[in-house]
Amino acid sequence: MIDLSQLSVPNRLQVTDLQFAARELTLLLGENGAGKSTLLSALAGIHVSDDSIIHIFDKPIQDWPLASLATFRAWLGQQTHSHFSITVEEMLSFFAQSHHTPDWFDWLDCLEITAFMNRQLDSLSGGEFQRVQLARVLLQAGSAIDEGQAIVLLDEPLAALDLRFQYVVMDLLKRLRDKGNCVVISSHHPEFATGYADNVLMLKKGQVIAQGRSENVVCADKLSQCYGVEPETLARYFAGNN
Amino acid sequence: MKPFIAAYCLCLLAATFFPLFQFGVVPVTWHIILHLQLPLVITASLVGASLASGAAALQIVLKNPLADPGIIGITSGASLSAATLILLVPSGALAYFHYWLPLACFAGAMLSTLLIARIAHKLQLLDAAVILAGIGISTVAGAIVAWLYLFSDAQAMRNLTFWLMGSLHQADWWVLAVAAPLMLTSVIVLIKQGRPLNQWYLGEMAAKSVGVNVQRFSALILVCVAVAVGAAVSVAGSVAFIGLMVPHLLRLKLGHDNRLIVPASALTGACLLLLVVCLNSLLTTTLLPVSLVTASLGGPIFLYLLVKQTRPRLRVS
C-alpha cells in the first residue's frame, strides 16, 4: 500500500526503503523527537517535500489530490484542539463521510463515546478527547476502512488513555487490520508489540535503527539502544508487566 | 433557515415601504421609495450581510471567537483613508467628493489587508500573525488619524466623527453599482464555504487531513472578507459590533454548523441594519449614526444572552 523509497526532512528524519503493506499493523517506537510524528505526517501527505519518493497504491504521493487521499487515509496528529465550544456530535458530523454503515456505530460504541455526544469538547478529559479524536479520523475514512482498503496512520493513539482503553483501542486497530487495512501507529508502549503489531520500526534521531517482525525487534537490547534506558531497568519493567 | 429568510423579508418590506406610512400613497412617496429608500435598504442589507458573514468566517479561520474585521485592520485602513480625505482635502476642492470617499476607503481597506497578509506571510503564522499585524496596523492608523484631528477644522472633524460612527445614507445608485456586486459576490462565496469552515474548527492540520487546501482556502476567506468588509466600510463607514455580536449570538443559539451560521449571520446582520433604517425613518428630526444604534441595542442584548447562556462547566483534568 505504501512504498517509501526516500524521505528526508533536514535535522529531523532521514529514512529509505520502507514498505507498509495491507493487512499489517506496524508499530513505530522511538524516544521523543526521534521522528515518528514526522514520518507519519509525511506518509499521510500532510508534510511531504517535493524530493520525497513515497508511493501510495503505486502512485507518487505528490500526485494524489488531498481530497482523494482523505477518502481512504485516516490520519491522527497530536495537539489538536478547538477554540470554540463545539460538541462531540457536531465535531464528528463535520468530519464524517455522509454514507454511514453499522460498523461506524460499533466503533463509537467500542470507544464508549455515545454517552457524551452532547458534551462540549473543552469539557472532556484528556482520555475522552483522545477517544473522540480516534472516532473522528475513523469516520472520516469510514467507507474505505469498512472495505479494508484504507491506510490508518495514528500518532500516539494511546496517549492519555487509561489501561482498559489502551487495550480497547489496540483491539479495535487489530480488527481494522484484519479487515485488510494498513495500520501504522506510533506509541511509547513497546509492550503492545507482542500480540498486536506485525512489524516494528525503531527510530532514533531520525534514523531507522531496527525494523522487522515484532518478535525479532522488541528485545531488551534494541529497546535499550532505542530509548537509552539501561537493560536492567527494561528487564524489571517487562518482569513487572508479566 | 426559513425563519431567518422570513424575518429578513419582513424587515426588507418594512424598511422599503416605510415612507408609505409616513406620507401616504401619493406620487411623491413612490419617488422617495425608488430614489432614496431602495438604495438605503440595499445598502443596509448588503453592509449588514457583509460584516456579519465576513466576521463569522474570519472567526473560524483565525481560530478566535472574538475576531471581527476590525481586528485584522480592514476597518482602520479604510478609516485612515477617510480621515485623510475628509480632514485634509476641503470638500469643495475635489469634484465628486461623494464618490471619491468610498473609493479611497476601499483602497485603504485593501491596502491594509495586503500589508497584513504580507507581514503574516513573512512570519509564516497565519492566525496569530494576522491578528498581531492587524493590531499593529490599527494602532498606527489610529495614531495618524489622531494627529490629523489636531490640525483640522471643526466642520471636518464633525464630518469624520459622523463617518467613523457609520451612516447608511451616503450610498446612492452610482456608488451601489460598484460596491453591491463586490459585497454580494463575496457574501455568496463565504456562504458556500460552510463545510471546509466546519473542518477548520480543529485547526489547519485537521482540515488539511480531510482534503482542504489550507493555504488556498485561508487566502480565499481573507480576500472575500477584505473585499466584502472593505466595500461595506466604503459605503457605510465604520459600523461597530455587528461583526462580533451576530455570529457569536447565533452560535450560542444554533450551534456551530457554518452551513447554517454563515448564511444566518448574513441575514441577521442585514435585518439589524434594516431595523436601523426603520428607526431612522421614525425619527424624522435627527439621523442616528449606525454604530450608535447597533452598539446601544446590541451591547446589552449580547451581555444578557452571554450571562444567560454561560453555565458553570466542570473542567475535568
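Chain naming here is simple, since letters A, B, ... match the order of the sequence lines and numbering starts at 1 in each. Side chains included, hydrogens not; waters and symmetry mates left out as well; all remaining heavy atoms used.
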Taking the side chain as everything from C-beta on, heavy atoms only, tell me whether A:E90 gets closer than 4.5 Å to B:D257. no
Which heavy atom of A:H83 sits nearest to which heavy atom of B:K63, and what is that distance? CG-O, 3.4 Å
Should we count CZ of A:F57 as having more than 12 external heavy atoms under 6.0 Å? yes
Which atom pair, heavy atoms only, marks the closest approach of A:L66 to B:V212? CD1-O, 3.9 Å
Using 30° and 60° as the class boundaries, would you call the ring planes of A:F84 and B:Y201 parallel, tilted or perpendicular? perpendicular
Around atom CD of A:Q6, are there more than 12 heavy atoms from other residues, nucleotides or ligands closer than 6.0 Å? yes
Donor-acceptor check, side chain of B:K208 to backbone of A:I46, threshold 3.5 angstrom: yes or no? yes
Among B:G255, B:G203, B:A207, B:G211, which residue has the highest count of heavy-atom pairs closer than 4.5 Å to chain A? B:G211
When heavy-atom pairs shorter than 4.5 Å are enumerated against chain A, which of B:L202, B:I60, B:N213, B:V210 gives the highest number? B:L202
Decide if atom NZ of A:K59 counts as having more than 12 heavy atoms of other residues, nucleotides or ligands within a radius under 6.0 Å. yes
More than 12 heavy atoms of other residues, nucleotides or ligands under 6.0 Å from CG of A:D58: is that the case? no
Supply the atom-to-atom distance B:H256 NE2 to A:S85 OG, rounded to the nearest 0.5 angstrom. 5.5 Å
B:A206 backbone acceptor or donor facing A:R136 side chain under 3.5 Å: no
A quick test of your reading: do over 12 heavy atoms of other residues, nucleotides or ligands sit less than 6.0 Å from CG of A:D51? yes
Run the side-chain contact (heavy atoms from CB on, under 4.5 Å) check on B:R195 and A:F94 step by step: do they pass? CA-CA 7 Å; B:R195 188 173 161 78; A:F94 295 160; over 6 Å; no
Sort A:L76 into side chain, backbone, both or neither according to what part of it lies under 4.5 angstrom from a heavy atom of chain B. neither
Working note: A:H47 + B:M205, criterion side-chain contact (heavy atoms from CB on, under 4.5 Å); need CA distance, chi angles, decisive distance, verdict. CA-CA 10 Å; A:H47 290 125; B:M205 287 305 103; 3.7 Å; yes
